[in-house]
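Proteins come first, then strands; the chains are lettered A, B, ... in the order of their sequence lines, and each starts at number 1.
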Number of protein chains: 2
Amino acid sequence: MHATTLHRPTHRETLWALEEAFERGDLITVFGRCTVDYDGRASSTLGPGNRLVILKPDGSTLVHTDEKRTPVNWQPPGCEHHASVRDGRLRIRGTRQTPTETLDVDFEQIHQFSALSVTGGRDLDLQGSEEDLRQHILGDPSLVEPGFTPLETERESTAGPMDIYGKDRDDVPVVVELKRRRVGPSAASQLQRYVEALHRELGDGVEVRGILVAPSVTDRTSALLAEQGLEFVALDPDTGQPPEDEASGDVVSDSEAEDEKETADEDDSDV
Amino acid sequence: MHATTLHRPTHRETLWALEEAFERGDLITVFGRCTVDYDGRASSTLGPGNRLVILKPDGSTLVHTDEKRTPVNWQPPGCEHHASVRDGRLRIRGTRQTPTETLDVDFEQIHQFSALSVTGGRDLDLQGSEEDLRQHILGDPSLVEPGFTPLETERESTAGPMDIYGKDRDDVPVVVELKRRRVGPSAASQLQRYVEALHRELGDGVEVRGILVAPSVTDRTSALLAEQGLEFVALDPDTGQPPEDEASGDVVSDSEAEDEKETADEDDSDV
DNA sequence: GAATCTATGTCGTAG
DNA sequence: CTACGACGTAGATTC
């Protein structure tokens with residue numbers, strides 16, 4: 001692990017440092033006053049200002065201002081970084097193909113340069129996804145409704161793959177569409193497409209049910225589902241259980257507060 | 001403008017520096033070996049590794065590894081930053097309400113701390129958006145089809161607002177849905193929802209046309225549109241013209257190459 | 001590569 | 001606040 005930092009380097013010093021950092025595969029940050037030009041799927045220009053530019057060894061490029069989670073300009077992974085000095089000014093260019101896109105960062109002044117070696121520990125363990133919800137249901141299909149039997153996941157149709165395909169207690173085909181959060185109209189339409197595709201596949205005379213499973217649903221979407229003869233089942237992706245009624249108050253255990261107290265002593269400090 | 005950097009600071013030194021930086025409203029970067037725990041809409045844990053942590057004065061928090069454009073963990077704007085030292089270890093916590101979410105970054109080792117004052121120049125000028133496409137069409141409605149007359153944009157319906165509402169040469173109502181890029185099935189469904197809503201509003205006997213305008217369309221979506229009696233018009237959001245046939249080769253002007261040559265001299269350098 | 005869908009999507013805007 | 005849709009969405013998966 002190493003971290004090199006240059007304070008107020010010249011444009012040319014930064015170019016040298018960039019060359020070495022590219023070579024080492026470092027994660028690079030450049031803080032300075034710059035303009036940004038992007039051209040590709042769309043195009044944009046950004047006037048002069050102080051920004052934090054991040055260059056990752058996988059080709060990702062991020063230009064961050066002091067606001068927002070999303071970079072003001074960027075380049076996705078796989079782009080090629082290229083730095084140059086023209087008329088004494090540093091330019092960092094990121095280019096990619098398919099689609100052809102170019103991002104130019106032109107520096108007026110460089111306040112800080114850093115090259116950081118970032119390695120290891122990249123795998124995230126995430127819970128509460130749509131996949132979790134599916135596992136809950138496959139483990140206990142009656143969560144959808146008593147007598148429901150899943151037959152297939154990702155079953156193909158002309159409208160694309162459906163989340164869960166199965167039959168109800170009366171052997172009526174059922175399409176289940178899962179969403180990890182409150183659903184809007186697009187989810188109802190998506191389910192509708194699958195139901196229609198199955199209708200065509202199995203014959204117009206065959207009944208096909210469509211069930212949308214999500215923690216909750218908006219009013220308009222609820223109406224849309226009713227119109228289309230689709231059903232809704234409320235399930236939480238974390239627990240696989242029907243979500244708490246919003247009227248019920250939160251029950252908070254006091255164990256966490258005790259932990260805080262235990263670890264606090266005069267050597268500890270807060271900001 | 002200022003930029004303070006600490007090289008291999010202690011956890012406690014970093015805490016002090018954080019306090020001052022929060023106070024000043026700086027953009028903060030902390031590079032170090034850390035673990036990350038997130039709990040909120042979903043929940044996740046991330047084992048030890050070297051990462052770049054960015055704290056913005058608007059409350060945004062980003063944890064970046066050496067890969068991907070998207071941070072491995074984050075907190076959106078509006079969250080509150082809080083730093084503390086427990087048992088000699090720095091913890092940075094970001095919390096927000098609605099929804100309740102907590103992000104904890106626990107440091108084993110801090111390789112570098114920086115506080116940067118980032119101000120001004122935040123306005124981006126972006127071209128080639130859906131709004132551009134709309135302007136092209138309103139300026140020359142015949143781009144959709146000869147005789148088309150736009151009557152309203154963002155016209156409300158029970159299915160939500162439609163991009164352009166108008167009439168064709170025979171006074172038949174037309175819903176136009178705009179997309180800035182190649183469209184998939186969801187766009188067809190969206191248009192279908194609007195057409196159905198208009199049908200109900202104007203009476204089932206009234207003919208309503210739906211036209212999807214985008215640079216191109218996938219095959220399955222094309223079939224979906226045909227089934228539903230919807231139409232497609234190919235237009236490029238940049239030019240407002242029918243997109244080039246993919247068979248036609250790119251015509252590249254050589255002016256850029258000349259520019260490069262002009263500005264290149266022995267003082268200039270590339271990486 | 002193209003197509004399709006999920007996402008702790010994020011972001012803007014209207015109600 | 002919520003709802004709804006756009007986004008240079010990014011990212012994963014499948015074909």
Side-chain angles (χ1 to χ4, degrees), chain A residues 38-44 60 62 67-78 96-103 124 126-131 133-134 154 156-157 159-163 177-187 190 193-194 216-221 237-238, chain B residues 38-44 60-63 67-79 94 96-103 124 126-131 133-134 154 156 159-163 177-187 190 193-194 216-222 237-238:
Chain A
Y38 155 73
D39 193 66
R41 288 165 291 179
S43 64
S44 70
S60 309
L62 312 172
E67 287 185 341
K68 303 290 157 65
R69 202 214 68 148
T70 304
V72 63
N73 276 116
W74 70 89
Q75 200 69 280
R96 67 190 285 239
Q97 311 302 327
T98 63
T100 300
E101 295 195 299
T102 310
L103 183 70
L124 186 73
L126 181 68
Q127 333 248 329
S129 61
E130 184 181 299
E131 176 59 26
L133 179 55
R134 182 199 317 221
E154 304 296 327
E156 271 304 328
S157 76
M162 28 193 110
D163 285 340
E177 174 64 27
L178 308 174
K179 294 293 169 195
R180 65 172 303 281
R181 66 173 195 178
R182 188 173 176 82
V183 286
S186 64
Q190 191 182 352
R193 289 203 304 275
Y194 296 145
S216 64
V217 59
T218 65
D219 288 349
R220 187 186 280 174
T221 305
D238 284 309
Chain B
Y38 156 74
D39 193 65
R41 290 163 291 179
S43 64
S44 72
S60 310
T61 311
L62 313 171
V63 182
E67 287 186 343
K68 303 288 160 64
R69 202 214 67 147
T70 304
V72 63
N73 276 115
W74 69 91
Q75 200 69 279
C79 109
R96 65 190 285 239
Q97 311 302 327
T98 62
T100 300
E101 294 196 300
T102 310
L103 182 70
L124 186 72
L126 181 68
Q127 332 223 332
S129 62
E130 184 181 299
E131 176 58 24
L133 180 55
R134 184 201 315 225
E154 304 296 327
E156 273 304 329
M162 30 194 107
D163 285 339
E177 175 64 27
L178 308 175
K179 294 292 170 197
R180 68 171 302 282
R181 64 175 195 178
R182 187 172 177 85
V183 287
S186 65
Q190 191 183 349
R193 289 203 304 276
Y194 296 145
S216 64
V217 59
T218 65
D219 288 349
R220 187 185 279 174
T221 304
S222 192
D238 285 309

Classify B:Pro185 by what it touches in the nucleic acid, base, sugar-phosphate, or nothing, heavy-atom distance under 4.0 Å. sugar-phosphate
If the condition is salt bridge (charged side-chain N to carboxylate O under 4.0 Å, His left out), which residues does A:Glu130 pass it with, not counting sequence neighbours? none
Identify whether any heavy atom of A:Gln127 sits under 4.0 Å from a base atom; if not, whether one sits that close to sugar-phosphate; answer base, sugar-phosphate or nothing. nothing
Boundaries of the DNA chain C segment in contact with chain B, non-hydrogen, under 4.0 Å: C:dA3 to C:dC11
I'd like to compare against my own output: the B/S/- annotation of nucleotides 7-13 of chain D with a strict under-4.0 Å heavy-atom distance to protein. SBBSSS-
Quick one: label A:Ala187 by what it contacts on the DNA or RNA (base, sugar-phosphate, nothing), any heavy atom closer than 4.0 Å. nothing
Side chains of B:Cys79 and B:Thr61, heavy atoms from C-beta outward: is any pair under 4.5 Å? yes
Would a distance-only check, ignoring hydrogens and angles, find a side-chain to backbone donor-acceptor pair under 3.5 Å from B:Tyr194 to B:Gly160? no
Evaluate the criterion side-chain hydrogen bond (donor to acceptor under 3.5 Å, both in side chains) for residue pair A:Ser216 and A:Arg182; output intermediate values, then yes/no. CA-CA 5 Å; A:Ser216 64; A:Arg182 188 173 176 82; 3.0 Å; yes
With rounding to the nearest 0.5 Å, note down the distance linking CZ in A:Arg134 to CZ in A:Arg180. 14.5 Å
Residue whose nearest DNA chain C nucleotide is more 5′ - B:Thr218 or A:Thr98: A:Thr98
In terms of the nearest nucleotide of DNA chain D, which residue is placed more toward the 5' end: B:Pro161 or A:Glu156? B:Pro161
Let me confirm one number: the CG-CZ distance from A:Leu103 to A:Arg96, rounded to the nearest 0.5 Å. 11.0 Å
Below 4.0 angstrom from OP1 or OP2 of D:dC4, is there any side-chain N or O of B:Tyr194? no
Between C:dT4 and C:dT8, how far apart are the P atoms? Round to whole Å, please. 23 Å
So what does B:Arg193 hit on the nucleic acid, given a heavy-atom distance under 4.0 Å: a base, only sugar-phosphate, or nothing? sugar-phosphate
Between D:dC4 (P) and B:Met162 (CE): distance, integer Å: 15 Å
Interatomic spacing from CZ in B:Arg181 to CG in B:Leu133 - rounded to 0.5 Å: 14.5 Å
Name all stems that contain residues of DNA chain D, defined as runs of 3 or more consecutive Watson-Crick or G-U wobble pairs, both distances under 3.5 Å. C:1-7 with D:9-15, C:9-15 with D:1-7
Looking at residues at least two apart in the chain, or sitting in another chain, which of them share a salt bridge (charged side-chain N to carboxylate O under 4.0 Å, His left out) with A:Arg69? none
Could you pull out all donor-acceptor pairs under 3.5 Å where a side-chain atom in residues 71-78 of chain B meets a protein atom, sequence neighbours excluded?
{"from": "B:Asn73", "atom 1": "ND2", "to": "B:Ser44", "atom 2": "OG", "distance (Å)": "3.3"}
{"from": "B:Gln75", "atom 1": "NE2", "to": "B:Gly94", "atom 2": "O", "distance (Å)": "2.9"}

Do any N or O atoms from the side chain of A:Glu101 and from the backbone of A:Tyr38 form a donor-acceptor pair under 3.5 angstrom? no
Strictly below 4.0 Å, N to O, side chains only: are A:Arg193 and A:Glu177 in salt-bridge contact? no
